[in-house]
Amino acid sequence: MIKCVQGVLCLSVLVAFAACNAPPVPLDDILIEKTFEPEQCVRAVKVGDFVRYHYIGMFPDGKKFDSSYDRGSTYNVFVGKKQLIAGMDKALVGMCVNERVLVKIPPHLAYGKQGYGDIIPADSILHFDVLLLDVWNPEDGVQSNTYHTPSVCSRKVEVSDYVRYHYNGTLLDGTLFDSSHTRMRTYDTYVGIGWLIAGMDQGLLGMCVGERRIITMPPSLGYGENGDGSDIPGQASLVFDVVLLDLHNPRDGIAVTNQKVPESCTRKTVAGDFVRYHYNGSLLDGTFFDSSYSRNRTYDTYVGRGYVIAGMDEGLIGVCIGEKRTITIPPHLAYGEEGTGSKIPGSAVLVFDIDIIDFHNPSDNTEVVITFKPEECDKQTKKGDFVKYHYNASLMDGSSIDSTYNYGKTYNIVLGANQVVPGMEDGLLDMCVGEKRHLVIPPHLGYGERGVTDEVPGSAVLVFDIELVEMEEGLPEGYMFIWNDEVSPDLFAEMDKDQNKVVEPSEFTDYILQQVNDGKGRLAPGFDPYRIIDNMFSNQDRNGDGKITEAEFKLKADEAAGHDEL
C-alpha cells in the first residue's frame, strides 16, 4: 500500500513507477555521451581520416557482445568510407585523441533487421564504449613544433649532417615506447641519408643545437602497417620530443672565433712553438667537461707536433700572447667516435675558450730592447764585472713576480759567475751605468720546465725591466787577485813576517789585505775577500800542510795555464 502526503509524494511515485515500466523510446539517431574529454584537442577526426581506437560493444542491458581489449588490439579503420556500421562511422567524426564516449546506435544505423549471425539479434540497439587513440590522414606529412629556441643559432641541421640528440618517443595518446634519456645516452646518427625512419629524417632538418621540438609523423613515415613488432603497433602515429645536443658534418674543419685580440702583437705562434694557455672545455650544448683554471695551472705543450688533438694543434697556430679565442672542433679532429669515456661522449663536437698566456720556441734567445741609454757610455759591462741593478720582473701576461724597488736596494751580482739565470746574464752584458733595458727570457734561459715553486710557473717566459745603477770592473778571466803595481822581488820574504821560512795563513791574509788597502793589488769584486784569500792560500800550499814554503810559492806568470795563483 502506497501512502501519500498531501498527494505530492504519491504522484511522484506513480510517475516514477510508470516510467520504469514504460517501453524504451525508439532511437532515430545515434546518441553520444562524452565520459572523458582531454584538456587539449589538437586535432578532431574528419571523414577520410584513419583512426585507431578501443571499444566495448554492449546491449542496452549491459551484456557485452564484443571488445577490442579482449583481442589485445585496437580497431584500425578509415572513417566515413563505409568500413564501419553507419552509426559508428558517424560517431567517430569530431572525436579527439584520448576522448572517451558512450555511443548508442539505433538498429537502422547498426545491423538492422538482419542482425549479425548469432551475436547480434535483429533490431538491436547497440552501445559502444569508445576510446580514441590515434588519428591521421593519408595526406599528412611530418609536423614540427619548436617549443624552445636557443638565443644563438649559428648553424642548422642539413642533409648529411651528423647529430647527437635526446628524445622521448610516444604514441599519439601519450604512451611512451622509447626514450634515450632512460639509456642515459644520446642517439647519434646521420640525417637525411636513410639511417632514420623517414619522418625523423625530415623532422630533424633545420634544428639548432639546444632547440627543443615536437616531431609528429604518420605511420607511413614511421613504422607503417606492421609497427616495430614490439612497442609500436601497426598504423601508429609517432610523437618525438627531441632536444638537439650536437651537430657537425664530416667535411667540417675547426671554427675559430676571436674573442679578444691584443692591440700589439709582434709575434704569432707557429708550428714547433711551446705554448702556455688556459682553457675552458665544453660540449656544443654548453655542458662543461674540463678547465685548466680549476687546476690553477696552464696547459703547456708544443703546437703543430701532435702533442694535442688535431683540432687544437691547428687552432693554436697564429695566435698572439694575450689573445682569447673560441675553437670549435668536430669529433674527427678531436676524440672521434669513442670519446673519452665519462666526460666526452663519442662523436662529440668540442668547444674550447682559450687564453694564450705565453709562448716561445726552443731556438729563442734572450730578447733585449734598450729603452734608455745615457749620452755618455764609455764603459760597458763584461764578464767578471760586479754590477748593481734594479729590476721589475713579470710574466708575459703581466703578472708581477718580483721587484727590487720593493726592497729598496739593488740586486748585485758578478757577471759570468752563474749567479743569475742565463738569460739575465745575456741581458746585462754591454750595458752602461744608467742604461735601461726590457728583457724577454725564454724558459730554457730562465727557470726551465720546473719554474720556482709558488713564484714562477714551469716553462714560463720571463719579462724583466732592468736599470744598471753601478758597476765595478772585474778581473781578467781566471784571476781572483791582480797586482796594480810591479810585483816585489822579495814577495815571499815580505809575507814571512817572523822570518821562519814559511808563510802562515794569517801572514798570507794580512799581507794580501794590506796590498788591497794600499791600492797595490785588487781582489775580484763581488766575492767574499776572505774566501778568495783562503782559496789563494790553498793553491799555494802544494802539499796541504797548512803553510807555504818558498819552494811552493809561485806567481801566476810562473804557473801552467788555468792554475789560479798570485
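Below, all heavy atoms of this structure are taken into account, side chains as well, without hydrogens, waters or symmetry copies.
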| query | How far apart are the C-alpha atoms of Arg276 and Asp397, what are their side-chain angles, what is the distance that settles it, and do they pass the salt bridge (Lys or Arg N to Asp or Glu O under 4.0 Å) test? | reply | CA-CA 11 Å; Arg276 294 176 54 245; Asp397 65 353; over 6 Å; no

| Rounded distance [0.5 Å steps], CD1 in Ile193 versus CG in Asp201 | 8.0 Å

| said: When you measure from the side chain of Asp173 to the backbone of Thr175, do you find a donor-acceptor pair of N or O atoms at a distance under 3.5 Å? | reply: yes

| query | Could Asp89 and Lys82 be called an ion pair, given the rule that one side-chain N must be under 4.0 Å from one carboxylate O? | reply | no

| Distance, nearest 0.5 Å, that separates CD1 of Ile197 from CG of Leu238 | 5.5 Å

| query | Counting distance only, does the side-chain N/O of Ser67 pair as donor-acceptor with the main-chain N or O of Tyr69 below 3.5 Å? | reply | yes

| Quick one: does Val159's side chain get under 4.5 Å of Val191's, heavy atoms only? | no

| At what distance, to the nearest 0.5 angstrom, does CZ of Arg71 lie from NE2 of His54? | 9.5 Å

| said: Show, in sequence, the C-alpha distance, side-chain angles and deciding distance for Phe359 and Val461, and conclude whether the side chain to side chain contact (heavy atoms under 4.5 Å, CB included) test is met. | reply: CA-CA 7 Å; Phe359 68 87; Val461 178; over 6 Å; no

| remark: The single option from Lys104, Lys90, His108 that satisfies side-chain hydrogen bond (donor to acceptor under 3.5 Å, both in side chains) with Asp29 is Lys90

| message | Working note: Tyr162 + Asp246, criterion side chain to side chain contact (heavy atoms under 4.5 Å, CB included); need CA distance, chi angles, decisive distance, verdict. | response | CA-CA 8 Å; Tyr162 193 89; Asp246 203 340; over 6 Å; no

| query | Just by modelled atom types, is the Gly304 backbone N or O under 3.5 Å from a matching donor or acceptor in the Asp313 side chain? | reply | yes

| task | Give a yes or no on whether the ring-centroid distance for Phe240 and Phe177 is below 6.0 angstrom. | result | yes

| message | Tell me whether Arg183 is salt-bridged to Asp178, with the criterion being a basic N under 4.0 Å from an acidic carboxylate O. | response | yes

| said: Just to verify, which of Arg100, Met95, Glu99 counts as forming a side-chain contact (heavy atoms from CB on, under 4.5 Å) with Val130? | reply: Met95

| said: Looking only at side-chain N and O atoms, does Asp188 offer a donor or acceptor that is under 3.5 Å from a partner on Ser347? | reply: no

| query | Roughly how far, to the nearest 0.5 Å, is the CG atom of Leu132 from the CG atom of Leu172? | reply | 8.5 Å

| Judged by atom type as modelled, is there a donor-acceptor pair below 3.5 Å linking the side chain of Trp136 to the main-chain atoms of Ala236? | no

| query | Looking at OG of Ser160 and CG of Asn249, how far apart are the two atoms once the value is rounded to the nearest 0.5 Å? | reply | 4.0 Å

| said: Quick check against the 3.5 Å criterion: does Asp285 have a side-chain atom that pairs as donor or acceptor with the backbone of Leu245? | reply: no

| field | Donor + acceptor pair across side chains of Tyr53, Asn76 (<3.5 Å) | value | no

| query | How about Asn361 and Asp273: does a side-chain donor come under 3.5 Å of a side-chain acceptor? | reply | yes

| request: Measure the OG1-CG distance between Thr340 and Asp290 for me, rounded to the nearest 0.5 Å. | output: 9.0 Å

| field | Over 12 non-hydrogen atoms of neighbours within 6.0 angstrom of CD in Gln259 | value | yes

| Going by atom types only, do His278 and Ser292 share a side-chain donor-acceptor pair under 3.5 Å? | yes

| message | Under the criterion side-chain hydrogen bond (donor to acceptor under 3.5 Å, both in side chains), I'd like the reasoning laid out for Tyr147 against Asp241: C-alpha separation, chi angles, the key distance, then a yes or no. | response | CA-CA 10 Å; Tyr147 64 92; Asp241 188 342; 2.7 Å; yes

| query | What class does the angle between the rings of Tyr299 and Tyr279 fall in, given that below 30° is parallel, 30 to 60° is tilted and above 60° is perpendicular? | reply | perpendicular

| side chain to side chain contact (heavy atoms under 4.5 Å, CB included) evaluation trace for Ile215 with Val142 | CA-CA 7 Å; Ile215 302 172; Val142 173; 3.7 Å; yes

| task | Indicate yes or no for a side-chain donor-acceptor contact from Ser68 to the backbone of Tyr55 under 3.5 Å, with no hydrogens or angles considered. | result | yes

| request: Look at the side chain of Asp123 and the backbone N and O of Pro107, then say whether any donor-acceptor pair between them is shorter than 3.5 Å. | output: no

| query | So, Lys64 and Asp129, do they make that salt bridge, N to O below 4.0 Å? | reply | no

| field | N/O donor-acceptor pair under 3.5 Å between Ser291 side chain and Tyr293 backbone | value | yes

| Hey, mind stepping through Phe289 and Phe352 against ring-ring contact (aromatic ring centres under 6.0 Å, His included) and telling me if it holds? | CA-CA 10 Å; Phe289 64 79; Phe352 289 93; 5.7 Å; yes

| message | Once you measure the plane-to-plane angle for Phe50 and Phe78, does it fall in the parallel (<30°), tilted (30-60°) or perpendicular (>60°) bin? | response | perpendicular

| query | Are the side chain of Ser394 and the backbone of Gly398 linked by a donor-acceptor contact shorter than 3.5 Å? | reply | no

| field | Residue pair Ile56, Phe128: steps toward the side chain to side chain contact (heavy atoms under 4.5 Å, CB included) verdict | value | CA-CA 6 Å; Ile56 300 173; Phe128 288 91; over 6 Å; no

| Does the pair Asp353/Arg325 count as a salt bridge with the N-to-O cut at 4.0 Å? | no

| query | Has Arg267 got more than 12 heavy atoms of other residues, nucleotides or ligands less than 6.0 Å from its CZ? | reply | yes

| Any Lys/Arg nitrogen of Asp252 or Arg155 sitting under 4.0 Å from an Asp/Glu carboxylate oxygen of the other? | yes

| task | Using a strict 4.0 Å threshold on nitrogen-to-oxygen distance, state whether Arg251 and Asp161 make a salt bridge. | result | no

| request: Please state whether the rings of Tyr187 and Tyr167 are parallel, tilted or perpendicular, taking 30° and 60° as the class boundaries. | output: perpendicular

| Whether Asp134 side chain and Ser237 backbone form a donor-acceptor pair below 3.5 Å | yes

| query | Run the salt bridge (Lys or Arg N to Asp or Glu O under 4.0 Å) check on Lys260 and Glu323 step by step: do they pass? | reply | CA-CA 5 Å; Lys260 174 190 172 184; Glu323 183 172 340; over 6 Å; no

| field | Nearest heavy atoms of Leu109 and Ile85, plus distance in Å | value | O-CB, 3.9 Å

| Arg305 charged N/C atom sitting above Tyr307 aromatic ring, 6.0 Å / 45° | no

| task | Measure up the Phe274 and His360 rings against each other and bin them: parallel (under 30°), tilted (30 to 60°), perpendicular (over 60°). | result | tilted

